Structures are given as C-alpha cells and as structure tokens.
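Chain letters run A, B, ... following the sequence lines, proteins first and then strands; every chain starts at 1. As the structure is a prediction and not an experimental result, all values here were calculated from the model.
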Amino acid sequence: MPSVLTPGDVAGVVTAVRATGPLVHCITNTVVTNVTANVLLAAGAAPAMVATPVEAGGFARVADGLLTNLGTVEGEQPDAMRVAAHAAVDAGTPWVLDPVAIGALPLRTALAAELLAVGPTIVRGNASEVAALAGGQGGRGVDSLDTPDGVRATALRLARESGAVVAVSGAVDLVTDGARVVRVRSGHPLLTRVTGVGCSLGALVAACAAVTDDRLLAATAATAWMCVAGELAAATAPTTGSFAVALLDRIDDVEPAVVGARAGLVAEPVGAAA
Amino acid sequence: MPSVLTPGDVAGVVTAVRATGPLVHCITNTVVTNVTANVLLAAGAAPAMVATPVEAGGFARVADGLLTNLGTVEGEQPDAMRVAAHAAVDAGTPWVLDPVAIGALPLRTALAAELLAVGPTIVRGNASEVAALAGGQGGRGVDSLDTPDGVRATALRLARESGAVVAVSGAVDLVTDGARVVRVRSGHPLLTRVTGVGCSLGALVAACAAVTDDRLLAATAATAWMCVAGELAAATAPTTGSFAVALLDRIDDVEPAVVGARAGLVAEPVGAAA
Amino acid sequence: MPSVLTPGDVAGVVTAVRATGPLVHCITNTVVTNVTANVLLAAGAAPAMVATPVEAGGFARVADGLLTNLGTVEGEQPDAMRVAAHAAVDAGTPWVLDPVAIGALPLRTALAAELLAVGPTIVRGNASEVAALAGGQGGRGVDSLDTPDGVRATALRLARESGAVVAVSGAVDLVTDGARVVRVRSGHPLLTRVTGVGCSLGALVAACAAVTDDRLLAATAATAWMCVAGELAAATAPTTGSFAVALLDRIDDVEPAVVGARAGLVAEPVGAAA
C-alpha cells in the first residue's frame, strides 16, 4: 500500500525549496510572467523565463524544473514548449504542464494533447481543464465550470494513462498519482480574485518537484503552500489589491510547519467514493 | 430630448457588474495585461486575454465584452484584433477600442483607423488620441498634450460620424454619444502615475457595457468607478506603489452609491460652450 | 585628473528627473514591462514601450532616453532594438544596453555583441553579464555567479574599449567610465527578491542620462536612487510583496539629499587594488 503524506512531509518540501533555491524555467503566458516570477522569488526559488525555441531546449536541461503554461500560445511559444518539453524528459528535469483554458479554445487544446504525449511529470489545472485534457469539454476561459470532486474519476484515469501526477485546483484541491488521492482543504476565495495565482501555482509545483522525487508530495506541498499563504493573507487583507501583496508576504515568511499543519490534508483510498 | 444620467444609474451599473461577473475578452498591450486582469477581477468581472487570430474570433462571440487596445501592436495582435472586432460586431458583443498612442506612431494609427471603420461600440482614449483618431495630430507616447475640453467638438463629431460613444480621459473626463455630453469631475493626479490605469479603464468600460444597453451610461459608470476609487485610494496612499494597491482595494469594496454620489457628474446641452 | 562625484551631484540628478519628466523609450522583456513603467512613473519620468521595428526608430529619435533590455528576445524585438539603437546613436539619444542573461544563452549573447558594436551610452548588468559581454562566460539565467569586484578589471577594459560607461550591480555596485571608478555601497538583499529591479534600474539609468551629460554620474545616481529606496523600503517592509510596493513608494518620495547622503559613494583611483 502506498505511503500516506504527512504534514511533516509537506513542511520538509517548503524547507528544502528555501534551502536550495531551485532554478525554475517558465514558458508561461504574458499576463502572469511578473507575478509568477515574484511567487517563485517569494518562495526562495529562482525564476527564468526563456521562451525562444533556440534557447529553450538547452535551458530546460540545466534548469531544476520546467513549467509550460498554455495561457497565451502566441508566436514562437508553442515551438519553445515543444523543444523544452523534449529536453526536460531527456534530461530528467521535472516538468509541469498547465493546460490553461483548453477545451473552449482550439489552438491550445491541440497543443496540450501533443505535449501530454511527450510525458509531463505533473499536470496542473482546474477541473474543466483536466476534464478537457482527458478528452472532455472545457470551461469558459480560465474559469472552471466543474469541481475537483466532479472530475475525480477523470483525474485518476488521466494519471494512470499518462503517468503524470494530476493536480486539480478548486475550493478543495485534489492531487492524485493514480494510486493515491490527496485532498488539500485549505485555501480562500480571494485566491480566485487575483490574476495569476493558478498559473503561479504551476511554477511553485515545478520548484517543489525539484527538491523531492515524490511527485505527489511535490504537487501537494506546492498547493498547500499557496493555499495556506492565501488563508493567512486573507486574515489581514480582505480586498484584492492588498491581498495580492499579502499573499507574496506569506509565501515568503510562513513557517514550514504551519503549511503542513494548516494544509487540511486528507488522504483517501483510491476506491473510496468522492 | 435624451435622458440625463443620474448617480443612481451609475450605481446600478456597478451593482450589475458585481452581480453578473461579465466575461471580458481583452486583446491589450503586454505592459498592462496583468493590471488589467486585476482591475477586472477587483470589479467582479472575469478577464480573458485571448490574442491569437485563430482563437480570437470565436472567443469574441461568446464573451460579454471585448477590448482592443493598441498599446503594443506586435506579432499576430493586429490580426487577432481584426478577427475579434468583426466577430464582436457580428455577434453583438459590446466592443471598446482604445487607440493608445496613435498619431505619433504610424503602425497603430493606420490600424486604429481601420478598426474604427469596423464599428466599435465605444472609443476610449486621452484627448490627443481622440483627436488623432478623428484625423488630427497625436501626443507623445501615452501622454496627452491636449485636454478633454480642447477636443470637445472633435469628440462630438467623432461620435456622430462613427456611431460610437466617445470617452475622453483627463483631469475632467468627457463622455459623449453625439447627442449627450457628460463630464466626470472626480479623479486624482495619482491615477496618471501608475501604469495601465487608462488601459484598465478601457477594460472596465467593456465590463460595464456588458450590463447595460445605454453605452453612454456604461462609459460614464466605468469612468466614475475608476475615478472615485482613485480619490478614495489617494486619501490613504499618497505615493505611487501603495496607491496602485489601494486603487484595486477600492474598486473592490467601494459602495455603488458612493461611486454615483462622488462621480461629479455634469450633464450639459450639446450646444453649450465648453 | 577627472572630477569626483559628490552626494550633491547625485541629489541634483534626482531633482532634475522629477522636474523635467524625461520620456524613456523601453524595449524590454515581457516579464518586467509593468514594473519598469511603474518605476519610471514613481521617479517622475514617462515610460513608453515601443517595440516594433517600424515604430521604434522614429520613437528613439524623439525620446529623451532609450533602454534596450535583452531579457526576452522574441519575435520582432531584436529588429526593433537594432533600429532603435542606430536611431539613438544618430540622434544623440542616451542609450542604455542591459545584456540580461547573456553568456549562457546563445541568441541574446550574439545580439548583445552586435548591439555593443553600435555604441551604447551606458552598459548595465550584473557581474556575469558584464563578463560575458566582454568575452567571458555568463551565469545561470538572471543570477550572477560573479561579483562586481571580481570583474572590476574586465569592466574597466569594457568601458575603455567600447566607450560606454559600465555599471555592474551587486552587493556593492561598481560604475566606471574607464577613467573613474565609483562604488555605491547602499542597497539591500530584498532588492534581489523582487523581479524586475535590475531591469527597472536600467530604465532609471536612461532617465538619469537624459538630464546630465556626465554619464558616469547618470549611472551612479540611478543606482543610488534604487539602492537607497531599497534600504528605506526594507526598514518598513521585511517580506517580498510589501517590499515591492514600498520600493515604489520610496522611489517616489525619497528626498534627493537623502539619496546622495545614503548612497555610500566611494570614488577610487583606477589603478587601485579592488
């Protein structure tokens, strides 16, 4: 029987990211590059946005983690993602695929399917995006019309068929490697009212995957880190502008043990009812 | 005689945006995508930046509003704007054209003229940009060398000839549909010292146009919302970094009735002297 | 013997930027456009991001300063930089070259060498980037593996051979025109934990170069302005989100005399040991 993740495991990942400062190669959308870089810096990681095909392959080999985010698939970005993805798989660089807004939009839906076949380490998205990646319909833009619970079986199947850990964000986040299912019950509605939080979470997952071989733990720890920081931020900043600032502050200074303790981890048997 | 806008009308638009969360499709410049998304989220709307020609047409049909902002006309963006503009007109999606920095810069001046002929619902710009769109000279970059009062006659003519509502930002904003003229006297100089405020206002106009058929009201309400939030933000945050944060906070939490009451609305006969 | 820079000289540059509001043409990377614009606005300057080849040449002629930053060399940006650089040299517009992440990445390394030959007014980078521009090896992404002291001789040689002032950022910044060396001892580690600070410093150097013919002074004053604002910001904001906001606030409201007095200027003979 697979091991169950503990609060101490999660805390250990936070500590390790801060101690080692992993270099995270991000090919992400133009709306969120800035906040993504600032989230990684707040976490103690080092961001690098390298998105030209001629540079992306070599960089994905030396980076400690790679994020490909399909939020704006313009110009040379798709080719840079293809090159980086193959290089990451070849070099063993942990690679996170975030299939933003696929389903409703044709160009990125096709690209996401193509990248999935290359073999990402972890897939991170909302419920609609995960459903669309597994072959269903998407939401409207970046909003999800589904819930993590509603796509539980789909996420499990996607994990088993693709070999990737699948992390589904929502009011209660769900992470699965096909053998284990973990829910993260922490979080706050304000996390959906600042642009780039989900996209930045993808980058944070890549940072965490750089410090542990347990990919389920990496995705879970990153999710818990963001969610707990969001809870703490909302306690002092109830409106969106201040909240975005406080979120970075709390990613920066939250105690690792607090991330573990407040994560609201729930492990459940794969066969259990949702 | 056309009806006069009231503070209650303005408050009603704020309430409706928050209640319905319109999906606003933004094709805008790379400098301001992040702040534009955050302004829309603070207002309770849902941003989506979809800027490739193959995706932009279909998305403009399903969105509740469209913004085309000419701040950085790079790569495929001009083609995405053309496709989205035609789709919006065809589908009846309210469409805001923001002709950033035209006049001085040739590429975007030609594109703005081309898009104007397609038939935007609302044109939003500073005085120099509005003058240039109507056939005059522009300013230097995004700064305006003219005032709304100075281009009053030009704005009226542009509204009548194009069929669009024209909103001119400045110390006192001016909005006209060719039959009515409204001034919005609220605002604060700090609004000119944070990047993306004018561009975000264009997106907020599109969000407001999604909840009312009165386009003059939509442009007026969005302008008032931004200006009153700016006044309130400046009262607690006198320097630019904190002001930008407080501006989002106040867009988020300002009471609709306060937006109406503090807007400083002045309706005037079209024939009156400026 | 060349003159020594004084705190009063530095203060005078800050005052002049605020008084004249120089228009700074930025062709910079997509990660930092927003924060770069906000730093310039906080300083009292006027940013304009014009990055298409057809528009960049004419704009570089009328702007008061130009920044070319190689952080993301995508699409038409390299061509826009070439056109703008030649126009700036031809028109006498002060031009800052920031060779972000060269050395490790081939595309931008070649472009940086090409632009250096055109004749920038000032080169600004970290130690690894300056070493790579002078013909050595680079760092990993935007992080520097070298120190300003470690590349002192290289920076002096680069300044003499290229005719550009060379500004090297680090724990203690070093600025040289080949005849004079100035160190700026102010600053704070949090300046490295917010994305875009170094890139924005390049834009601030361009703004300062618009108000004085002494290019060594321009680079020194901009460096001191950013470093002192960072020190003051860190005193009230010890975590990264709040620090980024406070940094803009202090760029906005710091007294010019305080910038000069706290800069930690050290002038040294060119022949002295590091």
Side-chain angles (χ1 to χ4, degrees), chain A residues 28-39 49 51 69-78 100-111 138-145 189-200 236-249, chain B residues 21-59 61-64 72 74-77 79-80 194 229 232-233 236-237 241-254:
Chain A
T28 189
N29 74 78
T30 54
V31 184
V32 304
T33 45
N34 190 270
V35 65
T36 300
N38 278 329
V39 164
M49 277 61 181
N69 170 304
L70 275 56
T72 51
V73 286
E74 298 167 30
E76 296 178 315
Q77 266 211 1
V100 177
I102 68 165
L105 295 165
L107 194 62
R108 61 193 78 194
T109 306
L111 179 60
R140 58 163 213 177
V142 296
D143 291 342
S144 179
L145 304 177
L190 275 168
L191 288 165
T192 66
R193 296 201 51 218
V194 173
T195 198
V197 170
C199 296
S200 300
T236 62
T239 43
T240 62
S242 300
F243 175 78
V245 175
L247 180 62
L248 290 171
D249 286 337
Chain B
L23 177 65
V24 181
H25 178 189
C26 302
I27 307 178
T28 190
N29 74 77
T30 54
V31 184
V32 303
T33 45
N34 190 271
V35 65
T36 300
N38 278 330
V39 164
L40 287 172
L41 287 166
M49 276 62 182
V50 178
T52 54
V54 71
E55 293 182 341
F59 203 75
R61 290 180 181 279
V62 301
D64 300 312
T72 52
E74 298 167 30
E76 296 179 314
Q77 266 212 1
D79 279 341
V194 174
L232 297 171
T236 61
S242 300
F243 175 79
V245 175
L247 180 63
L248 290 172
D249 286 337
R250 297 296 84 76
I251 292 171
D252 183 4
D253 71 2
V254 63

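- Residues A/Arg108 and B/Val50 meet the side-chain proximity criterion, which asks for heavy atoms closer than 4.5 Å.
- Of the listed residues B/Thr28, B/Asn38, B/Leu248, the one with more heavy-atom pairs under 4.5 angstrom with chain A than any other is B/Asn38.
- In this structure, no portion of A/Thr33 lies under 4.5 Å from any heavy atom of chain B.
- Among A/Ser242, A/Pro106, A/Gly75, the residue with the largest count of heavy-atom pairs under 4.5 Å with chain B is A/Ser242.
- Shortest non-hydrogen contact noted between B/Ala48 and B/Leu23 is CB-CD1, 4.0 Å.
- Highest contact tally toward chain B, considering only A/Val73, A/Thr30, A/Leu107, is held by A/Leu107 [criterion: heavy-atom pairs under 4.5 Å].
- No donor-acceptor distance shorter than 3.5 angstrom exists from the side chain of A/Thr240 to the backbone of A/Val194, with no hydrogens or angles considered.
- Only the side chain of B/Glu76 has a heavy atom closer than 4.5 Å to any heavy atom of chain A.
- In this structure, A/Asn69 contributes its side chain and A/Cys199 its backbone to no donor-acceptor pair below 3.5 Å.
- Remark: the backbone N or O of B/Thr52 is not paired with any side-chain donor or acceptor of A/Glu74 at under 3.5 angstrom.
- Residue A/Val31 touches chain B through both its backbone and its side chain, counting heavy-atom pairs closer than 4.5 Å.
- Only the side chain of A/Thr72 comes within contact range of chain B, with at least one heavy atom under 4.5 Å from a heavy atom of that chain.
- For the pair A/Leu247 and A/Leu190, the minimum side-chain heavy-atom distance is 4.5 Å or more.
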